[in-house]
Amino acid sequence: MPSFSSLLYLLIFLPLAGVLINTAGIRVFREKITSIIACAAVGSALLFTLCLLPEFLSLPQSERTFSVILYQWFAEGALEVNIGLLLDSLSLVMVLVVLFVGFLIHIYSIKYMAGDAGFNRFFIYLNLFIVFMLILVLADNLILTFVGWEGVGLCSYLLIGFWHEKKSAADAGRKAFVVNRIGDAGFILGILLIIITFNTVNYAELTEIMNAGHGVSIFIIGAACLLLLIGAMGKSAQFPLHVWLPDAMEGPTPVSALIHAATMVNAGVYLLCRISPLLSQAQFILPVIVAVGLVTALYAAISALGQKDIKRVLAYSTVSQIGFMFAAVGSGYYMAGIFHLAAHGIFKGLLFLGAGAVIHALHGEQDINKMGGLSGRLPAVAKTFLIGLMALAGIFPLSGFFSKDAVLWGVFDSYGISLWLVGFATALLTALYCGKLYGLAFSGQSNFTEKPHLIAAAMKYPLIVLAFCAAVAGVLGLPLLTKETIFASFLAPSFTGVENIHAAVSASAHMQELILMIIAGIAVIFVIWRTAIAYSRNREAVLAYEHNYPRAAEFLLQGLKMDKLYDVILVAPFYRLTKRCSLFIDQKIIDGAVNGTGKISMVAGHFVSSLQSGYTRYYACSFICGVLIFSVIVIWLFKG
Amino acid sequence: MIEQAVFWILSIIMVVSALGVIMMKSAINSVICLLLTMLSLAGVYVLQGSYIVALFQIIVYVGAIVVLFLFVVMLLNIKNIRREVAVDYRNFIISSLAVLTVAGVVCILWYALRLSMPEAGGDIVPAAAGVKEMALELLNRHLLALELVSVLLLAGAVGALLIGRKE
Amino acid sequence: MGIYHFLGLAFILFAIGAVGFFVRNNIIVLLLSVELMLNAVNLVFVSFSRYLHGLEGQIFVFLIMAVAAAEVAVGLAIVVSIFRMFKTLDISKMNLLKR
Amino acid sequence: MNEMQLIDINIVSVGPEIILLAAGILFLFFKLFPAKLSRYLSVPAMIILFCLFIFLPFFRDNNVAGFAGAIKWDNTSLLFYILLLFAALLAIMFSHGKLKDNERAGEFYFLLYVAQAGMILMVTARDLLIVFLSMEILSVSLYVLVGMFRAGKAQMEAMVKYFLLGSFSSAVFLMGLALIYGASGATHFDSLYPATISSLHMLALFYIGVVMVLAGLGFKIAAVPFHMWAPDAYEGADESVAAFLAAAPKIAAFAVIYRLGMIMNLYTVETLTAVIVVMSAGSMVLGNLAALKQTMLIRMLAYSGIAQVGYMLIGILVLPQSGAAALLFYLFVYVFMNMGAFGIAVFLSREKGGNVAIDDLAGLAKGRPLVAFAMAVFMISLAGIPPTGGFFAKFYIFKSGIEAGYLGVVIIAVIATVVSLYYYFRVIMAMYMQEKEEGARWGSAGFDFLPAVLFLCAFALLACGLIAPHLLSSLMPGEAH
């Protein structure tokens, strides 16, 4: 039997072939040919991974690693960097998510992008993105990961600004660019620090060094982790580097689904898992990660409540969910983080595709206040969307329930009840905006007078497949009450020697978990149900109320009888808070800081180039000043 | 004693005429001042005993370069360029800054010189170097430099032709 | 008369030339200033040559004179063509290129 | 005097220069032939340059010396020599289109060859006087090249500015040379070693001399604060000349700085390295900041070149260690990426005429995908992003900088690199994300000489990224000082 693992490079080369063929035929191919080639490229890679899976599983747990060194890139002293691929259970999960969601989104895009002038270009970028994402995930060292990291970033800018005739799209591309540079600076410095300290960038070797006695101060390791964390925060849109993600929704919807929800933005979590041996040595970094994750999760959930644009709601929700993953990583529960990542990839992909279908059907309308009653008109979309929302909110049998619960349990186990409460509040908020979204957009009366487009089959089936997966993926989280779930035991080889930070959980802890889980589950169901009802039945009132918020008298008069309390206590402050969050913090402080950095360097640039006055005299003056300064330096140093 | 007197006279002439080069309003006067500077410099060379250098100073600088300048100034017949000493305040600031900087550079140079040669500095004995020694030196050890100068002159000539020619 | 005298004189000459480069606008005078600076360098070379009892410094002076001649040839050609095109020799009027 | 020993001239040591000068003079006479013939002048010009590669095996590992040690070929100078040949070849290829029907083609090639000869002398010279003279040869021919195609006032202005500042800087360089001569009694590199000088108690004067010499060389490489001529001269000159101007003289001047550095680093650490540190940091900061504001492609590239020089100077700081190989590798990559980017400017100005703004690149990806791809590779490489040679160039430089303990400079460099991504990516975004306005069209998509050359450059850069270590180990200078 031929060993698939020796053909590991095919995983990257198949999509790359798609890129090359389509590039060669960019002007010649018709849409059909391009789309078939692109989908085949990704599909064959997916198929190949599935072929790989049995071989992978047939190995004993401790040996479940395929690694191939394709080429020795450079060696400098003890430092050796290879173009090498590493497929262990962690990267296998990532590859599966990337290829599976990616493949469905490719199929979906065929119809979504049909007739667009840049159709061929779009598919080239999409395939290219898959290539870089696979490089990122499969790389066996930090530098190669960085190659993929930059590559996916590049594709992301290209795709955000895909419809560049829109000015907002170009601005969004630029914003994403600037913010990500901050993260990249951290990443580069982190890699440099690791090279200086350990003289290797290979993950396996790093793990070995960590497990053996190395005598390196934990503060240096901590500094390296912190720098890499900054990189991860930039790519994964964590507070306060999250500002680019909501704006990134200017791109075509399949892009939002693929890059800005399911795959690329999760790279930060993946990176943190990859450096878990380092993190386990520098434990004082973990609380930082948890803090970042929970702050992001809470903050983004609040912001999501106040959004009107359906894609922005989902974008903030993505930020929030990635915050959960960070919290899991920061609690030492890497497997829970990855589980949530996989589940989130599926249901958020589903949600974005559903939103795309809605937007497509409504001729480009994105404001949820103007939607309504879509469940009657787009039944398939509505049903799948509901499943996605329920998974997101964490309703019992769906995947989101298991993954979110695992994360919350991890936080509780490591940091106690207070942080758990923060997570729990976020979960409730999630349910709240899920309910609002469904209530406003899908149930109730229709506001939309035009006849919606019908949804093509190529768009519908990916939704159904994803919805099915979102519904049943929770099985992997079984059995419920132990740490050794199916998923976790699959992942365990990647984290040997890492997760035993926390001692085995006792039976009483299981009881605690069960109780917490039940509380959370019931609360979430209650909230989502009430909100959905509230928004669908009293839609006008809610909307008018939100609209007229500052006028308190009107507010009381028009207040909802049934949900008055809820309104007064929750909605009003929340509405204000959400508005503040998204308006004030985002636009004033963070945008201000981001733009400010840009502006300062621009002003500095302006100043510097205004020295270039065009007068020869000035130029010579600069020259002679240089001579003077250098002479003074030299004589001064010479005199000692 | 007499040498000292000659040195001081020559250097005063030189400095004054050098100042004249950069302060005369009309270009032609500047060129004449440069001529004076060159001549007094040749005198200083004689004082040092470098007769051959002094000779070439007169032949090359006075005989060729200054004449070339005069020729161009007269060719262009520039009348309307008067009073171009800087008046614009920005120019004035930058100019005074530059003058200060130049003064600073010279001070540093002087300081370095004092550091390097703390003793008063050996007297310069006028000891004539013969033409023969110099020629042998030039054509033997510095042959390459000499050839390079010829290449430089060729490039300069071609360049001058190329630029100076009318369209 | 020590080497200080000659070197001091040379430095003053160099400074005058450099200052001329900054205070004047006429391109011809700028060229003259550069000539002054080159002459100052020549004086330094000759003085050091005498101080060190070597010949090299004096030989360098010949070479520098030739270099100056070549530079002046190109420079004056540039002056002539500039005058043809701009109808002026004022360097401060030439600042199309900036920023 | 009778037993005067004649020096060993060893004419072979200046073989390339003699060939270049002879060929250049022949080119001057091409006017005598019918005009049709001069159209194909670029072919012999390139062939002659190719022929110069035959000196490589001849000089390799031989340490050929001539003119009483004033000229010496070792393996390092051979590497600089190769770089210069590449730069000149590219310049000729870029100027091919412009010179096709130009009656001054002969003079152009003459001046280019003379400049090339001057630069080859600079990289092989072991005597500061020879360095000065060859630098003058180079400068005089460059002054003329900048203003040769007298298209308008801008070009004349560029020439006169370049000329005036150039002569000013040579005067300062010469003053430094005089001081070094006074302090050490010699100008040959071998006699500039510590023992000779410290015994004379002349170190202060010597240092100032070195600073002034460095200022003159800094002018040639356009390092802050001696950089200000560069953007103006590049913008005024024809694009192909600007490409040459932005790469070749830098290589030659770096060769001289390299030799000086090899000597200086051996006995003094703080004094002169402080100067290099300031120059390097200043170039990186000022170059990158000023490039942010530029709208014209050439000016942007000029400032980016200033910034690149700042990175290369880090290599000078750590010369005796790994810096030498890192610097050479950086220069090697720089020739291709920087000249390639200028080549794009040549291409665009040919299509569009006149000066090229960054916005003029809009829609290039659609019109000429291969050219746009090449430009994207150049930009990515200049920005120092992984799969290209530019990444490794920066990587090795930074690494050797850190190893030698210049952490502060490297941190500035990393931050400056991050800033620089903004303007490099703006070019890529313009090409891939902006539409060209209606009416404007790109030229024919058939085979074209210039795009093919550009594509080869891009390919070379990508290849550099893959075989970087092997290249680096072969660049390791063999001789030890």
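All values below were derived from every heavy atom in this structure, side-chain atoms included, with hydrogens, water molecules and symmetry-related copies excluded. The chains referred to below are lettered A, B, ... by the order of the sequence lines, with proteins before strands, and numbering in each begins at 1.
- The greatest number of non-hydrogen atom pairs below 4.5 Å with chain B, out of D/E107, D/M175, D/E17, is found for D/E107.
- No option in D/Y113, D/F108, D/F110 other than D/Y113 meets the ring pair (Phe, Tyr, Trp, His ring centres under 6.0 Å) test with D/F27.
- With values rounded to the nearest 0.5 angstrom, D/E136 atom CD is found 8.0 Å from D/L174 atom CG.
- Formation of a donor-acceptor pair under 3.5 Å by the B/S11 side chain with backbone atoms of B/F7 is found in this model.
- Here the CG-OH distance, from D/L138 to D/Y143, works out to 9.0 Å after rounding to the nearest 0.5 Å.
- Looking at D/L205, the atoms closer than 4.5 Å to chain B (heavy atoms on both sides) sit in the backbone and in the side chain alike.
- Sorted by first and then second residue, the pairs that involve residues 120-141 of chain D and meet ring pair (Phe, Tyr, Trp, His ring centres under 6.0 Å), not counting sequence neighbours, are D/F132-D/F173.
- How far OG of D/S13 is from CD1 of D/I18: 8.0 Å, rounded to the nearest 0.5 Å.
- For the salt bridge (Lys or Arg N to Asp or Glu O under 4.0 Å) test, no residue two or more places apart in sequence or in another chain qualifies with D/D127.
- Both the backbone and the side chain of B/I108 come within contact range of chain D, with heavy atoms under 4.5 Å apart.
- Taking non-hydrogen atoms and a 4.5 Å limit, the residue list of residues 36-43 of chain B in contact with chain D is empty.
- Within the 4.5 angstrom heavy-atom criterion, no atom of D/L145 approaches chain B.
- Of the two parts of D/L21, only the side chain, counted from C-beta on, holds a non-hydrogen atom closer than 4.5 Å to a non-hydrogen atom of chain B.
- Checked options D/V256, D/I208, D/V172, D/I180; the residue passing with D/V213 is D/I180 (criterion: side-chain contact (heavy atoms from CB on, under 4.5 Å)).
- In terms of heavy-atom pairs under 4.5 Å with chain D, the best-connected choice from B/V151, B/L148, B/V149, B/L144 is B/L144.
- Taking the ring-ring contact (aromatic ring centres under 6.0 Å, His included) definition, one finds that D/F244 meets it with nothing, sequence neighbours left out.
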